[in-house]
Structure formats: C-alpha cells, structure tokens
There are 2 protein chains.
Amino acid sequence: MTRSEENDIKTIYHLGGRGSKSISTNSIAEQMETKPSSVTDMAKKLSDKGLVHYVKYQGVSLSEFGVKTALSIIRKHRLWEVFLVEKLDFTWDEVHEVAEQLEHIKSEKLIDRLDALLDFPKYDPHGDPIPAKNGEFQERDKQLLSELSVGAQGVCVGVKDSSVPFLKFLDKNKIALGNTIKVLDKEDFDNSLRILMEGNEMRISHQIASNLFVKKNS
Amino acid sequence: MTRSEENDIKTIYHLGGRGSKSISTNSIAEQMETKPSSVTDMAKKLSDKGLVHYVKYQGVSLSEFGVKTALSIIRKHRLWEVFLVEKLDFTWDEVHEVAEQLEHIKSEKLIDRLDALLDFPKYDPHGDPIPAKNGEFQERDKQLLSELSVGAQGVCVGVKDSSVPFLKFLDKNKIALGNTIKVLDKEDFDNSLRILMEGNEMRISHQIASNLFVKKNS
DNA sequence: ATTAAAATTTAGACAAAACTAAAAATAGAT
DNA sequence: ATCTATTTTTAGTTTTGTCTAAATTTTAAT
C-alpha cells in the first residue's frame, strides 16, 4: 500500500464508509483537500485491490479487508500519538501532524513493541479508542457535555473536535481529560454552561460544551 | 527535501563525497541499486538546490550545506536505531531497515525529544557516532581487532560491516559491544586469531577480526 | 598521440499521482 | 415526466522519478 492509498482508506473510514454506507467521491475529495477526479482514480485502484466496493456514480464503501486495513492504520496513528505525549512530552495539539507521518512506517514488530512500551493503552490523547491488533476496540461510554442536565456530573474523557485551536483553547483553560466537571447552571439564551471543574467555577459556551465528551457519573 | 533526495545525499556522504572528494555517478548508482542515468538527473537537481557540487563527467561532492543535511539525516537514522534497541528491544541486525524509514520523518521537535528520551547517546548500536544537532560528532578512537598484536587487549566498540549476516553471526557467538577481548595467538597461515573474550577462549577468522573495531586498553 | 574500452550524459519513454476541462449521469424541482 | 443544477466521470495534461538506448566524454593502453 502506498501512502496515498492508506490516506484514502483512512479518510473513507473516518467518513463512515463501512458496511452498507457509501461515501461520495466529492466528500472524500473535500476531506482530503484534493479533487474529485483524483478520488475517482483512486477508487478504481482500491477497488481493484479489493479494499473498497465502488459503483460508478454511487460512491465507495470499505470492504471487510478495507476496514481491517483502516483500523490497522488508525491503530498505528493513535499509538504514535500516545508515544509522543507520554514519552516525548508533546502536547495533545502537536501530535496529529507527526503521527500522520509515523502511521505509514511499515513494521509490524515496531508497532507491537511500541504498544508494549506504552503498556497497551486503550485510548489516545484525545480520548479516541485504539484498535487492538485484531482490529477490535471499544468506543467508550460517553456523551457530550452539552447533553448533561443541570446538576449532573461527569469526567472529561474525550474531544469531538480535535483541531489545534480547540485543543489549545482547552489547554489555556486547564480543561484536560480526567477532570471532573459538574454542570451548575445552563443559560437558556445561548445554551452556555456554568460548570464546576476541579474546584473552579467557570462559564463555557455551547460550542465548547458540544465538543467535549464526558462520562457521566453513575 | 523528498525521500529520494535525502537518500541520495546520505549515499554520497557515506561514499565519502565531502570537501574535495568527488563521487562518480556510477558508484552512487551501484550503492543505491539504481541506474547511473537516474543519478545524473538527481545530481542536476541537487546541484540546483545547492546541496552538491556537480561537474559533468567529474562526479558529485557535497556542499557545506549538503554535508549538514547528510549529518542531520544520519543523526535521525542513528537515534532511531538506538531507540529501537534500547526501548523496543530490537536486535542490532533488525534496526537498519526500520530506521531507513523513520529517518525521513519531518519534525525537529521529535528528534530533539527522542535524543533527550535516550539520554543523548553518542553512539548507535553498531558503534557509529551520532552527530549532535549542530552536526558535530567524534569518531571514536578505535582500530580493527585484526590489527591488534598478540598479547594486546581491547574492548569491542563497533563493527565495520553492519550487514545482517555478520551481526547475526556475532550474536550467535556472543560477541557484543562492550566485551573485552584479548588476543592470545595469531595463526600465520590464515591470519585467524585465538582470543579470550569475557572468560571464554575462542578462535575467529581473519574476516571476522577485520570487521570488528576495538578500543585498545592503554 | 591515437584509439578502444569504460564511464557518463542525453534524449526520449513510461508509470504513478495529481490536475483541468469537458462530457455524462444523477437528483431535485416543477 | 421533464428539465436544470449538481455531482461524478472521462479524457487528456503535468510533474516526478525512474528507465533504456544512443551519443558523448573520459580514461588508459599502446
């Protein structure tokens, strides 16, 4: 698999193109910042290789083999992200770009040993699950902070938006995975929240709250 | 810099093409397992970029900038090798292939942090020196085991041939960097040696002895 | 100094991965 | 059911890196 092919497969996976759901070449192109015609070319190639199902004008979806491949790339990406944060002290907004490169390194032994070095982590620095070698993974029981009702309390377990600006914002406001958050009040007007986090009271906008995953305390 | 360009630069460096010494396109092609005409093309490109001095029919040599670039790639390669051995328990015959890929990852922060994680190693698993960030490095004071006189003693500090078969041979015979070796006897007929290594007496061929670097005890 | 052999470059071809612009198919509104 | 706008594909071009074969230059032997 070339790097482009791997990136294609990964993008289709992230856009949800498994099973019966087909993804349009247009949306893939948009996501990859390339042109639809290039995606069409790639779709044919990947179809020939048995990685995707492709019907002209109907979009592409990953084959079983394609899903397996996507998960193996995602596994590598997320393990490298953990490595960068845990061992090299990268911040969580710095890891994506480098992991994009590292995920294409070809060595099964490398990834297995990295997994062991990191103590077989289940989640990456953004709270996303890391597929096991066989492709299995567990989506964590979670919900958006914006969906919590007043008085409810949870632990921050992930982000929906993992863009650099959002992650930097969270850092600046000392919002980190593992923090306990209690919803004190909800403002009807703009859906902003007053929360208690690790002893500090603060106000956060709806946009923030709807991009933060929490695990509700039973 | 593309991957091909980086590999080219590295090859020229390893063939000794610094300063006044020019390397023929033929020898570069042979080393890289490619064709001389491809090397000619690359030579023009690298010359345009200021990385090499290239005179038609006279071969190429690295510019100052080219040497700096080569050292930065070698630095990455060797740091990754140390990482693979020290942190991921790779054997020294397994590291080269993976490091060949890892050396092309672009992130200065990554390499600096890796350097720190490994505690700023000065030598890679084969005993080769790791250039510092500024390109400086010290070739270790060393000589070939085959050059030691009978009765002399030294510590094994590196290999000249770092091919997989040779490294595997050394492993099998429990010859490792750091071992103390004393030359007990030299066979005139085939130049083989009888040595004492870490308490064990053994016989090694001239070919082995002339690919092992030792540091002579004062 | 000449010349044959070897080394090197040039010119032109090819494959991969991307693009643009035109053509074709689909989807949605009437 | 038709037509128009949108989506998607096709066809042809570009760039990069590589190759082969022919032409050129250098080297080394006489």
Side-chain angles (χ1 to χ4, degrees), chain A residues 1-17 20-62 66 69-70 73 100-101 103-106, chain B residues 1-17 20-62 66 69-70 73 100-101 103-106:
Chain A
M1 288 251 290
T2 67
R3 187 168 294 224
S4 321
E5 286 170 348
E6 291 191 349
N7 285 332
D8 238 52
I9 292 291
K10 203 178 43 149
T11 302
I12 298 168
Y13 183 91
H14 281 132
L15 289 173
S20 58
K21 188 172 174 203
S22 276
I23 306 298
S24 75
T25 50
N26 244 4
S27 54
I28 298 169
E30 191 180 351
Q31 182 71 26
M32 298 187 73
E33 301 192 312
T34 177
K35 302 292 167 184
S37 54
S38 308
V39 177
T40 301
D41 291 343
M42 190 59 88
K44 285 178 188 161
K45 185 156 54 154
L46 294 177
S47 176
D48 289 345
K49 294 197 178 187
L51 285 155
V52 304
H53 302 297
Y54 169 55
V55 183
K56 268 193 207 176
Y57 296 101
Q58 302 303 137
V60 294
S61 63
L62 295 174
T69 304
I73 303 165
E100 285 284 297
Q101 298 180 62
E103 72 188 8
H104 299 294
I105 301 292
K106 261 121 193 124
Chain B
M1 287 252 291
T2 69
R3 186 168 294 222
S4 320
E5 286 170 347
E6 291 190 349
N7 285 331
D8 238 52
I9 292 291
K10 203 178 44 152
T11 302
I12 298 168
Y13 183 92
H14 281 133
L15 290 173
S20 58
K21 187 172 174 206
S22 275
I23 306 297
S24 75
T25 51
N26 243 2
S27 54
I28 297 169
E30 190 180 351
Q31 181 73 26
M32 298 186 75
E33 301 191 312
T34 179
K35 302 293 166 184
S37 55
S38 307
V39 177
T40 301
D41 290 344
M42 191 58 89
K44 284 177 189 162
K45 185 156 56 155
L46 294 177
S47 175
D48 288 345
K49 294 197 177 187
L51 285 154
V52 305
H53 302 297
Y54 170 54
V55 183
K56 267 193 209 177
Y57 297 101
Q58 303 302 137
V60 295
S61 63
L62 295 174
T69 304
I73 302 166
E100 284 284 298
Q101 298 180 62
E103 73 188 7
H104 299 292
I105 302 291
K106 262 117 192 127

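Chain identifiers are assigned alphabetically (A, B, ...) following the order of the sequence lines, protein sequences preceding nucleic acid strands; residue numbering begins at 1 within each chain.
Taking 4.0 angstrom as the limit, T40(A) places none of its side-chain polar atoms (N or O) nearer than this to OP1 or OP2 of dT10(D). For dT16(D), neither phosphate oxygen OP1 nor OP2 lies less than 4.0 angstrom from any side-chain nitrogen or oxygen of S4(B). For dA23(C), neither phosphate oxygen OP1 nor OP2 lies less than 4.0 angstrom from any side-chain nitrogen or oxygen of Y57(A).
When rounded to the nearest whole Å, the span between CG of D48(A) and P of dA17(C) equals 13 Å. Rounded to an integer number of Å, the gap from K45(A) NZ to dA15(C) C1' is 10 Å. Regarding D8(A), its CG atom lies at a distance of 16 Å from the P atom of dA16(C), rounded to whole Å. Between the CG atom of L46(B) and the P atom of dT16(D) there is a distance of 14 Å, rounded to whole Å. Here the P atom of nucleotide dT8(D) and the CD1 atom of I23(A) are 11 Å apart, to the nearest Å. The distance from atom CZ of R3(A) to atom P of dT16(D) is 18 Å, rounded to the nearest whole Å. Atom pair K44(A):NZ and dT8(D):P shows a separation of 14 Å (rounding to whole Å applied).
Judged by distance alone, with hydrogens and angles left aside, the side-chain atoms of E6(B) form no donor-acceptor pair with the main-chain N or O of H104(B) at under 3.5 Å. Side-chain atoms of S38(A) do not come within 3.5 Å of backbone N or O of T34(A) as any donor-acceptor pair.
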I'd like a table of atom pairs between the protein and nucleotides 19-22 of chain C - only N or O on both sides, under 3.5 Å - with the distance next to each one.
unit_1	atom_1	unit_2	atom_2	d
dC19(C)	OP2	T34(A)	OG1	2.6
dC19(C)	OP2	K35(A)	N	3.3
dC19(C)	OP2	S38(A)	OG	2.5
dT20(C)	O4	S37(A)	OG	3.1

Mind listing the side-chain donor-acceptor pairs of residues 46-58 of chain B below 3.5 Å, one per line with the distance, residues two or more places apart or on another chain?
unit_1	atom_1	unit_2	atom_2	d
K49(B)	NZ	E5(B)	OE1	3.2
K49(B)	NZ	E5(B)	OE2	2.9

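Of the candidates dA18(C), dT26(C), dT8(C), the closest approach to any side-chain atom of Q58(A) belongs to dT26(C). In the set dT26(C), dT10(C), dT9(C), the nucleotide with an atom closest to the side chain of Y54(B) is dT9(C).
Toward the 5′ end of DNA chain C lies the nearest nucleotide of T2(A), the other residue of the pair K56(A) and T2(A) mapping further downstream.
Between D8(B) and R3(B), the closest side-chain pair of non-hydrogen atoms is not below 4.5 Å.
Listed by chain and number, the residues in a side chain to side chain contact (heavy atoms under 4.5 Å, CB included) with E30(B) amount to none (sequence neighbours excluded).
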Stepwise, does the side-chain hydrogen bond (donor to acceptor under 3.5 Å, both in side chains) test hold for S27(A) with S24(A)? CA-CA 5 Å; S27(A) 54; S24(A) 75; 2.9 Å; yes
Is there a side chain to side chain contact (heavy atoms under 4.5 Å, CB included) between I23(A) and K21(A) once you walk through the steps? CA-CA 7 Å; I23(A) 306 298; K21(A) 188 172 174 203; 4.3 Å; yes
